[in-house]
Each structure stands twice: as C-alpha cells, then as structure tokens.
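See structure below.
Positions are given from 1, in the same order as the sequence printed here. Quantities reported herein were computed from a predicted structural model and do not represent experimental measurements. Atom set for the values below is all heavy atoms of this structure, side chains included, hydrogens, waters and symmetry mates excluded.
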Amino acid sequence: MARVRYGARGEAEIAASREKSSKLPDIWSTGVVALWETDPDVVAAVLPPPLKPAERPLVRANISKVDLPGYPLGAGSVAVAARHDGVEGWYPLVMPMTHERALTGGREVFGEPKKLGEVTVERDGLVVRAALARHGIAFVEVRGAVDRALPLPEPTRKTDFYFKFLPAVDGSGFDVDPVLVHCVRNEKVRRLEHVTGDVVLRESMFDPVADLPVRRLVEITIGEKTTDQQGRVVERVSARALLPYIHQRYDDPLQILDGPPEGSL
C-alpha cells in the first residue's frame with residue numbers, strides 16, 4: 001500500500017526531523033531598527049499583568065528581510081519595553097510576517113502575536129526605507145539615510161515576553177489558564193550603520209501603533225544579524241486579568257467565536 005501521508009509517523013522519522021531542525025546554520029537577516037520614547041501611560045496601558053513598564057517608555061520597531069534559500073521572508077515587530085520578575089525585555093504588540101510558515105511555530109509554540117502582512121526593507125545607496133503594512137496600510141514606515149558606520153556590539157541576550165493561550169470552545173474565555181513565556185534570543189551582529197531619518201506612524205484600526213507616538217526619536221540603525229531563540233514557561237497567569245487584552249491578538253476578537261455555517265459540514 002502506498003504511504004498514507006496523513007497517517008502516523010514513526011519515532012525514527014520524528015527524531016530525524018528534530019535533529020535536522022537543531023542543526024540549522026546561522027541565518028542572517030538585514031534589518032532596520034527604530035527606537036523611540038513614547039508616553040509612559042500608553043506603555044502602561046498596553047501591558048497585561050504581571051508585566052510592568054520598564055524604566056524608560058521605549059518602543060522598538062524591527063523590520064527585516066531574511067534571504068532563506070528558496071524562501072525569502074519578511075519579518076517585523078513593534079514592541080514596548082517591559083519587565084517581569086526582575087527581567088528586562090520587550091512585549092511585542094504585533095509581528096507581521098510575509099509567509100504562513102513563519103506564523104505557525106511562533107504563534108502555536110511561543111504565543112507570538114504574529115499576523116500575515118507586508119514587510120519592506122529597501123536600500124538605494126545611502127537611502128533607506130522600511131515599512132510594515134497590513135490591509136493596505138503602511139502603519140509603520142522608517143525613512144532616512146545612512147550617515148556612518150557603528151562599532152559592532154558584542155553578542156547579546158535579549159528577552160521577549162509572550163502570552164500563550166487557547167480561546168475556550170464555548171467562548172467564555174480560555175480552555176485553561178494562559179501562560180507567560182520568556183523567549184530568550186542570542187543575537188550576533190556582523191554589520192551595523194546609523195541612519196538619520198524619521199518614523200511615520202499611520203492610523204490603522206487593525207494595527208493601532210499610532211497610539212504609541214514618537215515623543216523623542218532615540219536611534220535608527222540598519223544592520224545584519226543572526227539570532228537563535230529558546231522559550232520557557234515562567235508562570236501561569238490569571239485568565240480574568242488577561243482577557244481584557246485578548247483583542248491585541250486578533251483583527252476582530254469575535255472571530256474566535258466563529259464557527260461554520262449551520263449545515264455546512
């Protein structure tokens with residue numbers, strides 16, 4: 001009998017897949033990072049408990065392209081500085097990705113707020129433009145020109161905070177209490193340049209990062225880097241406390257209650 005592809009896979013095949021994924025070479029991306037200060041009360045408003053605002057009300061837009069062989073990828077995020085239990089890190093509000101494959105692992109394994117979107121990173125000589133767009137709106141755009149090279153930083157560890165949850169079948173909240181994930185990334189940089197420019201935030205009802213206004217632009221850079229990541233669950237969190245923030249994950253929070261039309265199955 002021909003192999004039934006929906007059938008169970010053997011232990012050896014599963015182990016081989018895991019071994020292959022653990023031996024991936026460094027994957028380098030070219031990206032623009034914009035960092036700015038916004039209003040402290042805005043940062044506090046978007047952080048679900050138990051996350052707390054960091055000392056500075058910082059917002060970071062990261063816009064990158066990854067030249068994967070046969071699978072070019074655009075990836076981005078907009079995050080606010082946060083802390084949890086003595087750990088400083090970032091809480092991403094939206095993470096546009098250009099391919100479905102990049103969404104699956106991040107959302108289902110780590111709880112990342114990934115959504116399909118358009119990611120642009122362009123450079124023409126010294127002129128740089130990078131943007132994140134969804135539903136026809138470039139809700140973040142970074143524009144400028146490279147003015148100098150920067151010294152390469154030492155390899156660093158950075159932490160992102162995610163909430164992993166599963167909406168309840170009956171629409172009453174969550175099937176089980178959500179978990180808070182610390183995702184630690186080891187980052188190496190092989191090229192870094194400073195950009196003089198500006199950040200444009202455009203109104204979008206689906207991605208309202210315009211609510212995080214640029215009060216003081218801290219820095220814009222363009223560079224090449226590679227990262228790996230490991231996540232761990234640090235605690236279970238209150239479903240009641242997280243539920244008011246669930247709309248951050250979806251364009252329409254009511255869509256998690258959608259089912260097939262009666263009689264369609």
Side-chain angles (χ1 to χ4, degrees), residues 29 31 33-64 75-97 102-115 117 132 139-140 153 155-167 173-187 207-209 211-212 218-219 225-251 253 256:
S29 65
V33 179
L35 192 67
W36 67 90
E37 287 187 352
T38 191
D39 298 327
D41 57 339
V42 171
V43 174
V46 302
L47 291 174
L51 299 183
K52 303 292 185 182
E55 184 175 347
R56 295 177 68 188
L58 293 175
V59 185
R60 181 192 67 190
N62 195 331
I63 309 171
S64 301
S77 70
V78 179
V80 297
R83 60 174 55 157
H84 172 253
D85 199 21
V87 177
E88 301 286 334
W90 296 90
Y91 175 63
L93 294 167
V94 61
M95 300 178 70
M97 302 283 140
L103 267 65
T104 306
R107 288 179 66 99
E108 297 184 9
V109 177
F110 294 101
E112 294 172 326
K114 290 184 173 180
K115 299 178 179 179
L132 300 176
F139 58 90
V140 177
T156 58
R157 290 168 61 90
K158 298 181 179 180
T159 301
D160 280 352
F161 305 119
Y162 304 122
F163 291 94
K164 183 177 178 180
F165 57 80
L166 191 64
F174 306 107
D175 278 334
V176 296
D177 284 341
V179 295
L180 175 60
V181 175
H182 284 196
C183 184
V184 177
R185 290 182 169 85
N186 296 297
E187 180 179 287
D207 304 289
V209 298
D211 291 350
L212 306 167
V218 177
E219 186 179 52
K225 66 181 180 181
T226 184
T227 61
D228 60 27
Q229 67 180 46
Q230 291 184 332
R232 66 184 181 94
V233 173
V234 294
E235 66 175 89
R236 289 203 173 271
V237 300
S238 164
R240 182 183 296 273
L242 183 60
L243 194 58
Y245 299 87
I246 194 174
H247 64 282
Q248 294 177 346
R249 189 68 56 88
Y250 306 101
D251 287 350
I256 63 175

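- Here OG1 of T159 is found 11.5 Å from CD of Q229. Values are rounded to the nearest 0.5 Å.
- Rounding to the nearest 0.5 angstrom, the gap separating the CZ atom in R60 from the CH2 atom in W36 is 10.5 Å.
- A 4.5 Å side-chain heavy-atom check between L58 and V218 finds at least one atom pair inside the cut-off.
- L180 is listed as a side-chain neighbour of L51, based on a closest heavy-atom distance under 4.5 Å.
- Between H182 and the choices Y162, F163, F161, W90, the ring pair (Phe, Tyr, Trp, His ring centres under 6.0 Å) rule is met once, by F161.
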Candidate pair V42 and V80, rule side-chain contact (heavy atoms from CB on, under 4.5 Å), full reasoning: CA-CA 10 Å; V42 171; V80 297; over 6 Å; no
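- Here the closest non-hydrogen pair linking R236 and V176 is NH1-CG2, 4.3 Å.
- Qualifying side chain to side chain contact (heavy atoms under 4.5 Å, CB included) partners for K164, counting only residues two or more places apart in sequence or in other chains: V179, V181.
- A salt bridge is defined here as a Lys NZ or Arg NE, NH1 or NH2 lying under 4.0 Å from an Asp or Glu carboxylate O, and E112 with K114 meets this definition.
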Check against side-chain contact (heavy atoms from CB on, under 4.5 Å), L212 and L93: CA-CA 11 Å; L212 306 167; L93 294 167; 3.7 Å; yes
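- From T226, atom OG1 reaches atom CZ of R185 across 12.0 Å, with rounding to the nearest 0.5 Å.
- Shortest non-hydrogen contact noted between S77 and M95 is CB-CG, 3.8 Å.
- Shortest non-hydrogen contact noted between L132 and G76 is CD2-CA, 3.9 Å.
- The two residues V43 and A81 have their closest heavy-atom pair at CG1-O, 3.8 Å.
- Pairing each heavy atom of P113 with each of P92, the nearest pair is CG-O, 3.5 Å.
- Here the CG-CD distance, from D177 to E235, works out to 11.0 Å after rounding to the nearest 0.5 Å.
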Test side-chain contact (heavy atoms from CB on, under 4.5 Å) applied to V237 and F165, step by step: CA-CA 10 Å; V237 300; F165 57 80; over 6 Å; no
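- Looking only at side-chain heavy atoms (C-beta outward), F110 and D160 stay at 4.5 Å or farther from each other.
- Looking at T227, T156, D228 one by one, the single match for side chain to side chain donor-acceptor pair (under 3.5 Å) with N186 turns out to be D228.
- Between atom NZ of residue K225 and atom CG of residue N62 there is a gap of 4.0 Å, rounded to the nearest 0.5 Å.
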Worked verdict on E55 versus E88 for side-chain contact (heavy atoms from CB on, under 4.5 Å): CA-CA 9 Å; E55 184 175 347; E88 301 286 334; over 6 Å; no
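- In this structure, V78 and V59 have side chains that are in contact, with non-hydrogen atoms separated by less than 4.5 Å.
- A donor-acceptor pair is defined here as one N or O able to donate and one able to accept, closer than 3.5 Å; no such pair exists between the side chain of R232 and the backbone of V184.
- The minimum heavy-atom distance between R249 and G111, with the atom names listed, is NH2-O, 3.2 Å.
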